[in-house]
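Heads up: the structure comes next, in structure tokens.
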Number of protein chains: 2
Amino acid sequence: MSARRQLSLNLFVYPAGHHEAAWRYPQTGLDTLQDLGYYQALAQRAEQATFDAIFLADSPVLPENIRYAARFRLEPLTWLSAIAAATSHIGLIGTATTTYTEPYNLARQFAALDHLSGGRAGWNIVTTHEGKSPLNFGLDAHPEHGDRYARATEFLDVAGKLWDSWEDDALLADRASGVFADTAKIHPIRHVGKYFRVGGALSTSRSPQGRPVYVQAGSSEEGRSFAARFAEAIFTAHQTLDGARQFYTDIKRRAVALGRSAEHIKVLPGISAFIGSTEVEARRLEEAFDELIQPEFSLAELSARLGVDFSRHDLDAPVAAELIDRQGKLASYSRFKLIVDIIDRERPTLRQLIRRLAGARGHFVLAGTPERIADEIQRWFEQGAADGFNVMPPWMPGGFELFADEVVPILRRRGLFRERYAHRTLRGHYGLPRPESQYAQARRQTA
Amino acid sequence: MSARRQLSLNLFVYPAGHHEAAWRYPQTGLDTLQDLGYYQALAQRAEQATFDAIFLADSPVLPENIRYAARFRLEPLTWLSAIAAATSHIGLIGTATTTYTEPYNLARQFAALDHLSGGRAGWNIVTTHEGKSPLNFGLDAHPEHGDRYARATEFLDVAGKLWDSWEDDALLADRASGVFADTAKIHPIRHVGKYFRVGGALSTSRSPQGRPVYVQAGSSEEGRSFAARFAEAIFTAHQTLDGARQFYTDIKRRAVALGRSAEHIKVLPGISAFIGSTEVEARRLEEAFDELIQPEFSLAELSARLGVDFSRHDLDAPVAAELIDRQGKLASYSRFKLIVDIIDRERPTLRQLIRRLAGARGHFVLAGTPERIADEIQRWFEQGAADGFNVMPPWMPGGFELFADEVVPILRRRGLFRERYAHRTLRGHYGLPRPESQYAQARRQTA
């Protein structure tokens, strides 16, 4: 085979890093956490390492427990636009919720990001169930899970129509005839549905990628079926290769059953690596971070995930698994299931569990030499568990620089990862086709 | 007086320029109208000319008559973020509507723009009455004028609370104690009103300017009273010095009556200048643009403004003023009044009127030498009609380069405009105070 299958690598940018105590580590740059230059430099470093994309998560609410952790939000559409200006190739993936935004506004902003970046926009589609976010939008509680996904599905239908509403060749700009835009190729979408009525067309021309790359992270039943239908990349959390492989197999099977190509849906588990020149050094590094954990914070996070108040439990006793309501409302969330699986499999003490989750909120954490990290990446990649990884450095920028400087060259030597970009769009990096406008397609088919 | 009063100059960026046929002029760069580099270069040029700000207008709808004019939209929050990355001093003012957005989302994005630009964000607050925009948001018609302003007023109350919700010193990042944010200084806003219920606090810390500079453009009775209460800069359209002076006097009087300082509300009429090395050359340039006008477009625009279908009227007959309903729904709009005033004052033919409006949609258009343009600016500035201008070049980038190269040096020689920036924030350029957080103020007053 001439073109060997290649890893997709994504940098998940989190202010000070993904370890919950990262900001307390002396080598994070606390003074620059709200400076554009800091994030631009991170993106440039990832671009030097020929990563596919950077990713900014989001939720329209102040995270709980901000007292103890650097969890303020970087609003993705604005920050990624500013980062776009300092980069030329790397993809720019931002989270936005379908539950608390309007499709016309959001479609415009992603189209703008795609235009101004020359075709590098990706949208991580979420339905948001975090904390008190409904209270910021006049609601008393989140819409139910099923209702959120129903709205998300219609939202994508509307946004897709808007992004298609200008055919690619609608903008003529013909000075002689005086026709700027061929209005026969600009389509009012006239959408009327359960959640939205939107007249359209979009207020700007079709963007370089047609529409942003669709990214998704849901692992619940509804999340999987949504992802199988729409997602072109999936951010997912797994603690074991076996668990990741089951998810990978399931999601690809679902996508193929819907008539999609398995290659057009990239499965990218999170990975957080403590890197040392020896195994002992790497573990010591991880332990240094664990010493910075504040149990009050960790327990509050865990309690919110599992619906049990652990604040007065003995840290060195086994987790009181019998208190967890496995049929309750929280049980539908993928992160609930992931944590419960750890408890059932490993019977950890409360202290062991919070350390386990501190590194990357349930994503795969490992400590080792660059070779060992590369081995693990290769193993998941070759054994049907991953098409690549969402790299979640424990701290930034140092933790990412180690990955870029030490792990990436090994992956390249093994022929698993590109030496240079072959494309300038995120679709190009992922090997995804550029979608044709549904209106152009309809015209072609009736012609 | 040692520090002479200084002009404020703002560049109103419009894809090909403000003349409605600008895109047909051979010297506009049609190929780059959607390229970030083009807009960054314009902003850099304005920054070299030490302008206070650039401005992007907006409306969440595809403009009518896109067939004939380069009126696609640049979504301001994304594009200004990307422009921020290529500039260091110039203010970045973007339009956003209070009618079709949610305060929590919009407040986050403006806070982000202010953070990432180091304190250069300005918000042109509009209530939107353009075309079919309600149809993009599930509505059949625009909310009524009064209702839109009532919502806007409450929107500002909510957004203001959100921007104040983190006191300036709430972010501690104290590694030793493990306290990242002092939650006693982060305030849930708990807003409950007629239009919004918002819990707060904002998901990010207070931005460099506290909040964006408030800009407004309303000239109706409600618009003026809103502007007098909130606006720190006003974009306004006037055809004559007298008209501008009346507006200027009225708005300052209203602001002072509300206890504000007259200096903290900058009145900035639009100006579109055709610049030539002689008066004849300048007028020839203007005529060259007028030759490119497409009457079908101009008449459609005029008909929409005045509520009269002029499409079959004789271009060379006087405008049929008797058909205009002066008590109708459109009469409350400032642009309606401005056009009707021209008709009453000058009794133009239809052709004369559409040429008059083609340059800048009703803003002040003049043709002349750089000295003549500078004279006019100085006259308005010194005779109580303007604190500065919103510069609307007929075409871009050339039309702006002429202004920057030829007119700005004259204004500087006359001591009317800065030679270099003394500040790095938009509030600094405008001489506006940085607002204290209302929550910090309350704490101070009860202490």
Side-chain angles (χ1 to χ4, degrees), chain A residues 23-24 26 30 33-34 36 40 59-63 66-70 72-75 77-79 81-86 100-102 104-105 108-109 111-113 115-117 132 135-138 171 173 175 178-183 186 196-205 294, chain B residues 23-24 26 30 33-34 36 40 59-63 66-70 72-75 77-79 81-86 100-102 104-105 108-109 111-113 115-117 132 135-138 171 173 175 178-183 186 196-205 294:
Chain A
W23 71 275
R24 299 186 71 198
L30 280 187
L33 289 185
Q34 297 192 96
L36 178 56
Q40 287 180 329
S59 195
V61 66
L62 180 67
I66 185 84
R67 179 171 178 82
Y68 301 108
F72 61 89
R73 297 294 186 191
L74 301 167
E75 194 286 320
L77 283 150
T78 43
W79 283 89
S81 294
I83 291 168
Y100 301 114
T101 62
E102 287 284 338
Y104 200 86
N105 291 335
R108 294 185 66 205
Q109 295 197 316
L113 179 62
H115 270 298
L116 65 86
S117 68
K132 296 174 178 166
L135 305 185
N136 290 334
F137 298 91
L171 205 162
R175 283 191 173 115
V179 177
F180 181 75
D182 180 355
T183 42
I186 301 176
F196 306 108
R197 275 193 303 146
V198 179
L202 203 63
S203 55
T204 190
S205 66
Q294 304 191 74
Chain B
W23 71 274
R24 299 186 70 197
L30 280 187
L33 289 185
Q34 298 193 95
L36 178 56
Q40 287 180 331
S59 195
V61 66
L62 179 68
I66 185 84
R67 179 171 178 83
Y68 302 107
F72 61 89
R73 297 295 186 188
L74 300 167
E75 193 288 320
L77 282 150
T78 43
W79 283 89
S81 294
I83 290 168
Y100 301 114
T101 62
E102 287 284 336
Y104 200 86
N105 292 336
R108 293 186 66 206
Q109 295 196 315
L113 179 62
H115 269 299
L116 64 86
S117 68
K132 297 175 178 165
L135 304 185
N136 291 334
F137 299 91
L171 205 163
R175 284 190 172 116
V179 177
F180 181 75
D182 180 354
T183 42
I186 302 177
F196 305 109
R197 274 194 303 146
V198 179
L202 202 63
S203 55
T204 189
S205 65
Q294 305 190 74

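Side-chain polar atoms of A:S203 and A:R108 form a donor-acceptor pair below 3.5 angstrom. Defined by atom type and a distance below 3.5 Å, a donor-acceptor pair is present between the side-chain atoms of B:Q34 and A:S205.
Only the backbone of A:A69 comes within contact range of chain B, with at least one heavy atom under 4.5 Å from a heavy atom of that chain. Residue contact with chain A, scored on non-hydrogen atoms closer than 4.5 Å, involves the backbone and the side chain of B:L77 alike. Proximity to chain A is absent for every atom of B:I83, based on heavy atoms less than 4.5 angstrom apart. Residue contact with chain B, scored on non-hydrogen atoms closer than 4.5 Å, involves the backbone and the side chain of A:L30 alike. Of the atoms belonging to A:I186, it is side-chain heavy atoms, and not backbone ones, that fall under 4.5 Å from chain B. For B:Q294, the part lying near chain A is the side chain, with the backbone staying farther off; criterion is any non-hydrogen pair under 4.5 Å. In this structure, the portion of B:E102 lying under 4.5 Å from any heavy atom of chain A is its side chain and not its backbone. Looking at B:S117, neither its backbone nor its side chain comes within 4.5 Å of chain A, counting heavy atoms on both sides. For chain A, the nearby parts of B:Y68 are the backbone and the side chain; heavy atoms of each come within less than 4.5 Å.
Across every non-hydrogen atom of B:R73 and B:S59, the tightest pair is NH2-CB, 3.6 Å. Of all heavy-atom pairs spanning B:S81 and A:S81, the tightest one is CB-CB, 3.8 Å.
Ranked by heavy-atom pairs under 4.5 Å with chain B, the list A:L74, A:L113, A:N105, A:T204 is led by A:N105. Per-residue heavy-atom pair counts under 4.5 Å with chain B were compared for A:Q40, A:R175, A:E75, and the maximum is reached by A:R175. The candidate with the highest count of non-hydrogen atom pairs below 4.5 Å against chain A, out of B:A70, B:A86, B:G200, B:A201, is B:A70. Listed options B:G178, B:A181, B:G199, B:A112 were ranked by heavy-atom pairs under 4.5 angstrom with chain A; first place goes to B:G178. Contacts with chain B were tallied for A:L36, A:V61, A:L116, A:T101; A:L116 has the most, counting heavy-atom pairs under 4.5 Å. Of the listed residues (B:A111, B:P26, B:A84), the one with the most heavy-atom contacts under 4.5 Å to chain A is B:P26.
The ring-ring contact (aromatic ring centres under 6.0 Å, His included) test applied to A:F137 returns A:Y100, B:Y104, not counting sequence neighbours. Looking at residues two or more places apart in sequence or on another chain, you find a ring-ring contact (aromatic ring centres under 6.0 Å, His included) between A:F180 and B:W23.
Within the 4.5 Å cutoff, the side chain of B:P60 has no heavy atoms near those of the B:N136 side chain.
Annotation: the span from B:F72 atom CZ to B:L33 atom CG amounts to 5.0 Å, rounded to 0.5 Å.
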* **Pair B:V198-A:L135, side chain to side chain contact (heavy atoms under 4.5 Å, CB included): steps then yes or no** => CA-CA 6 Å; B:V198 179; A:L135 305 185; over 6 Å; no
